[in-house]
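Let me begin by presenting the structure, written as structure tokens, before commenting on it.
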Amino acid sequence: MKMNFIEDLKWRGALNQITDEAGLLEAMASGKVGAYVGTDPTADSLHLGHLIPFMVLKRFQNAGGKAVIIIGGATGAIGDPRPTTERQLLSSEQLAENEKGITAQVTKLFGDNDTRIVNNNDWLGQLTLTDFLRDYGKLFSINVMLKKDVVASRLETGISFTEFTYQVLQGIDFHELWRREDVKLQIGGSDQWGNITSGIDLIHSLEGNEAKAFGLTIPLMTDSTGKKFGKSEGNAIWLDPKKTSPYTFYQFWLNQGDADVVKYLKYFTFLGSEEIDDLAEAVATNPGERLAQRRLAQEVTKFVHGEAAVKEAEDLSTALFSGNVATLSAAQIADAFGGVPSFEAANTVKNIVDFLVDGGVEASKRQAREDVANGAISINGEKVTDVAAEINPLSHYDGQFVLVRRGKKKYFLGKIK
RNA sequence: GGGAGUGUAGCGAAGUCUGGCUAAACGCGACGGACUGUAACUCCGUUCCUUCGGGUUCGUAGGUUCGAAUCCUACCGCUCCCA
């Protein structure tokens, strides 16, 4: 049985609020309509949190819609208010750099025939202050703006006029896309509800109450322990392979707990209900197999980094967790371990503790000594427990590499200069 | 402008009255180890640096003292109340 776009989202647990479910389905049925997700260039890469609305947009596209993505060059210069504190403005250089990075990533994820990627600086950047106040400002009621959750929470601690205005800009975005790209739906995280409804209200003001415009938000993602999703050891998981290697990315998904994996399969993959039900069954009957985790890791890594990256990540995982790394050749090391954090090492014999600290594997000598003494350190596949041990970087792999393992599964690759 | 608080290790939070036993309780996080499914739970260890002698810390700068996170002075930051 085939579910429609909304039913599918509900089944996936990916629907938080929607303005007019029946109206949206009707609009989708009566012709090709567009939906958009906006993202501000607050960093030079997207992370897993950003992926959530994009996945929904992709589903919309798969359901026959047109996908539009706004890169918020202009809104990013203003800053979407956070519930607690004012944002630090980004420099225009930083902003430009972030825009470049994020545009490239989005293009990689969505860059096909049926996707439009636009930058709101193209229209917001042209708007003069007086036009802004006359054409749009009149249509926004301060009273309504003050009631938006984010603004209300900030009235206690203070909010600048700049950030207060953000919702107007996002409203203009929605209208602009409505006008020029036939976009009828805006998709965002649950914190975007206020901004989305601002846009819908603006469209109604400008185009009449009959104008079709819809909004949809996605629930905040948390793991089974209630923690915010998407961090690994305190670090964000980035989509940029230079910031988070495909191997680390793959491992992040592979290591998800049984309690979360089915939820994530629904959220982050395009697998259908039968297949996910089967995987859920596998988790219940044979959790040790981790069939669901493996499938999750494959699917998401494929979506973000491509088929080849999946194979590399799996090969590397196999090498690290089952193989004997000491027997690998230098070429195999170079080939397989590209995804592991690396450092430069001198070609001279060095004490193990100094070697680890100099390579950035350990933060201090005290820590290094502790880990060595605890048997947490392996060099080229051999455990080193003597704090006084000397490391000869040229002893393995044709003198090109030193493979360091800290703990059970953290690897570092020393490249000999 | 007046008044009352408050500032301690990554975070939270004791210690301050009654100076030394305090490199500083405890919790969280983080990092290791055992167990295991490259899990979860649980358990154990570590968590300022170190040439392992010691060194440098409790907002900042001075002062009192044999000795200060603890007492005094000034300054800076934050919070609350009144105007």
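Here is the naming used below: chain letters follow the sequence lines, and residue numbers restart at 1 for every chain. Note that this is a predicted model, so its numbers are computed, not measured.
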Return no unless some side-chain N or O of [X] is found under 4.0 Å from OP1 or OP2 of [N].
| X | N | value |
| --- | --- | --- |
| A/Arg294 | B/A39 | no |
| A/Lys365 | B/U51 | yes |
| A/Lys408 | B/C31 | no |
| A/Lys410 | B/G32 | yes |

Base of B/U38 paired with side chain of A/Gln251 (donor-acceptor, under 3.5 Å):
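Pair found.
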Mind checking the [atom1] distance from [N] to [M]? Whole angstroms is fine.
| N | M | atom1 | value |
| --- | --- | --- | --- |
| B/C49 | B/A24 | P | 14 Å |
| B/G59 | B/C17 | P | 15 Å |
| B/C28 | B/U46 | C1' | 16 Å |

Taking any heavy-atom pair under 4.0 Å as a contact, classify [X]: base, sugar-phosphate, or nothing.
| X | value |
| --- | --- |
| A/Glu289 | nothing |
| A/Asp371 | sugar-phosphate |
| A/Arg366 | sugar-phosphate |

Between A/Arg406 and A/Arg290, name the one whose nearest nucleotide on RNA chain B is closer to the 5' end.
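Mapping each residue to its closest nucleotide by heavy atoms, the 5'-most match is A/Arg406.
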Pick the nucleotide of RNA chain B nearest each of A/Ile377 and A/Asn255; which residue has the one closer to the 5' end?
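In this pair, the answer is A/Ile377.
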Can you find a heavy atom in the side chain of A/Leu24 that is under 4.5 Å from one in the side chain of A/Ile18?
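Yes - at least one pair of side-chain heavy atoms lies under 4.5 Å apart.
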A/Phe303: which residues meet the ring pair (Phe, Tyr, Trp, His ring centres under 6.0 Å) condition with it, sequence neighbours left out?
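In terms of ring pair (Phe, Tyr, Trp, His ring centres under 6.0 Å), with neighbours along the sequence ignored, A/Phe303 is linked to A/Phe270.
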Does any nucleotide pair with B/U18 by Watson-Crick or G-U wobble geometry, both distances under 3.5 Å, and what is it?
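The answer is none; no pair meets the criterion.
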Base-pairing assignment for B/G7 (Watson-Crick or G-U wobble, both under 3.5 Å)
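B/C76 - that is the nucleotide pairing with B/G7, both distances being under 3.5 Å.
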Give the intermediate values and the outcome of ring pair (Phe, Tyr, Trp, His ring centres under 6.0 Å) for residues A/Phe401 and A/His396.
CA-CA 7 Å; A/Phe401 303 110; A/His396 282 68; over 10 Å; no
Distance-only polar pair, side chains of A/Asn255 and A/Gln293, donor-acceptor under 3.5 Å
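Checked: A/Asn255/A/Gln293 side chains show no N/O donor-acceptor pair below 3.5 Å.
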Tell me the interatomic distance from A/Leu296, atom CG, to B/G37, atom C1', rounded to whole angstroms.
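It is 16 Å, rounded to the nearest whole Å.
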